[in-house]
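The structure under discussion appears below in the form of structure tokens.
Note that this is a predicted model, so its numbers are computed, not measured. Letters go in sequence order (proteins before strands), and every chain restarts at 1.
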Number of protein chains: 2
Amino acid sequence: MQIREVEQSAGLPAKTIRYYEEIGLVRPNRQDNGYRIYSTEDVHRLRFLQRARGLGFSIEDCRALLSLYDETGRESADVRAIAEAHLDEIDRKIRELKGMRQTLAHLVHACHGDDRPDCPILDDLAGIGDGV
Amino acid sequence: MQIREVEQSAGLPAKTIRYYEEIGLVRPNRQDNGYRIYSTEDVHRLRFLQRARGLGFSIEDCRALLSLYDETGRESADVRAIAEAHLDEIDRKIRELKGMRQTLAHLVHACHGDDRPDCPILDDLAGIGDGV
DNA sequence: ATAAAGCTTCTAGCTACTGGAAGGTCAAGC
DNA sequence: GCTTGACCTTCCAGTAGCTAGAAGCTTTAT
């Protein structure tokens, strides 16, 4: 299978697929003309990567997950540990964004948003009203 | 005020303060020896940046907000538009993370996480069970 | 024969910093 | 006067994860 076809089946752009090869995640063979040729196993790994990245796992997490996937004698606890750490990280990010959201929504609500120059959003950013 | 002191009052590392100068957000004067010297106005702008970045505004948003802040004849609607667009973006990210969270929490829950090799997390990433 | 589509490698750029090296400046202590 | 240490400076490189684009080879169709 050539790269253009793999784009479809893995759901990844060709550039990304080549990049994943560059960093050693997938190693397709080459045809005599130098073209990459992907086995079903390669495509499988790429799809694995596409899903894992879609769940927000870092490239290094993906590398670890792939190597656990290759290991027949792996312990599911190892996989679960990676997933749980990532889950904690996602929760942390959600909390962080919710904090921003709350402040910002409050400010947007307070701003009349017309042609007048006074603006609670800028006032807040400038620190007006916090005693500085 | 020298940079080490500004670190404290603006709540930003010196490296970041210099970086903000490099990209034209803050322009401190220099002493004869070449050292940066910050006016209260400079510190004010840095604190503004610290807060805006803390709310997740991009550097380019910050640039726009600062220039609106400088403009006495600005319209608050312009500020509000930037803030609302950012709010939408935050909401989008929260939704995205929540989607990941849900899938991942489900998988972690399904994984027994012991020394056995079978693992629903890897099975899902590999696409087992989705008909492919 | 030639044009279009597909492949290759390589370099550079994106965001927003961060770390580190090499070196100038200044105040204190001996 | 000299040294030590804490400042300060600039410049270069690296982080994550691609993405854009240039220059050039191969294959296929007309």
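In this structure, the side chain of Ser76(B) does not engage the main chain of Cys119(A) through any donor-acceptor pair within 3.5 Å. A donor-acceptor pair under 3.5 Å is absent between the side-chain atoms of His86(B) and the main chain of Ala81(B), judged by distance alone. In this structure a side-chain-to-backbone donor-acceptor pair under 3.5 Å is present from Glu7(B) to Ala14(B).
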Candidate pair Asp42(A) and Ser39(A), rule side-chain hydrogen bond (donor to acceptor under 3.5 Å, both in side chains), full reasoning
CA-CA 5 Å; Asp42(A) 291 331; Ser39(A) 67; 3.1 Å; yes

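In the displayed structure, His112(B) atom NE2 is contacted under 6.0 Å by more than 12 heavy atoms of other residues, nucleotides or ligands. The 12-atom threshold is not exceeded at CD of Gln102(B), counting heavy atoms of other residues, nucleotides or ligands nearer than 6.0 Å. Residue-environment remark: CZ (Arg30(B)) exceeds the threshold of 12 foreign heavy atoms within 6.0 Å.
Contact between the side-chain N/O atoms of Thr16(A) and the OP1/OP2 oxygens of dG17(D) is not found at any separation under 4.0 Å. The side chain of Arg18(A) places no N or O atom within less than 4.0 Å of a non-bridging phosphate oxygen (OP1 or OP2) of dA20(D). Neither OP1 nor OP2 of dC8(D) sits under 4.0 Å from any side-chain N or O of Arg36(B).
In this structure, CD1 of Ile59(A) is placed 14 Å from P of dT15(D), rounded to the nearest angstrom. When rounded to the nearest whole Å, the span between OH of Tyr19(A) and P of dT19(D) equals 10 Å. Put simply, CZ on Arg63(A) is 10 Å from P on dG17(D), counting in whole angstrom units. The distance between atom CD of Gln31(A) and atom C1' of dC25(D), rounded to the nearest whole Å, is 14 Å. A straight line from CD of Glu22(A) to P of dT19(D) spans 13 Å, rounded to a whole angstrom. Remark: P of dA6(D) and OH of Tyr35(B) are 14 Å apart, rounded to the nearest angstrom. Rounded to an integer number of Å, the gap from Ile23(A) CD1 to dG17(D) P is 8 Å. In this structure, CZ of Arg53(A) is placed 14 Å from C1' of dT19(D), rounded to the nearest angstrom.
Nearer to the 5' terminus of DNA chain C, by closest-nucleotide assignment, is the contact made by Asn33(A) (compared with the other of Phe57(B) and Asn33(A)).
Using bins of under 30°, 30° to 60° and over 60° for the plane-to-plane angle, the ring pair Tyr69(A)/Phe48(A) lands in the tilted bin.
Remark: Ser9(B) OG to Met1(B) CE distance equals 4.0 Å, nearest 0.5 Å.
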Table of protein N/O atoms under 3.5 Å from nucleotides 21-24 of chain D N/O atoms:
residue, atom, partner, partner atom, Å
dG21(D), N7, Lys15(A), NZ, 3.2
dG21(D), O6, Lys15(A), NZ, 2.5

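Of all nucleotides in DNA chain C having an atom under 4.0 Å from a heavy atom of chain B, the first and last in 5' to 3' order are dA16(C) to dC26(C).
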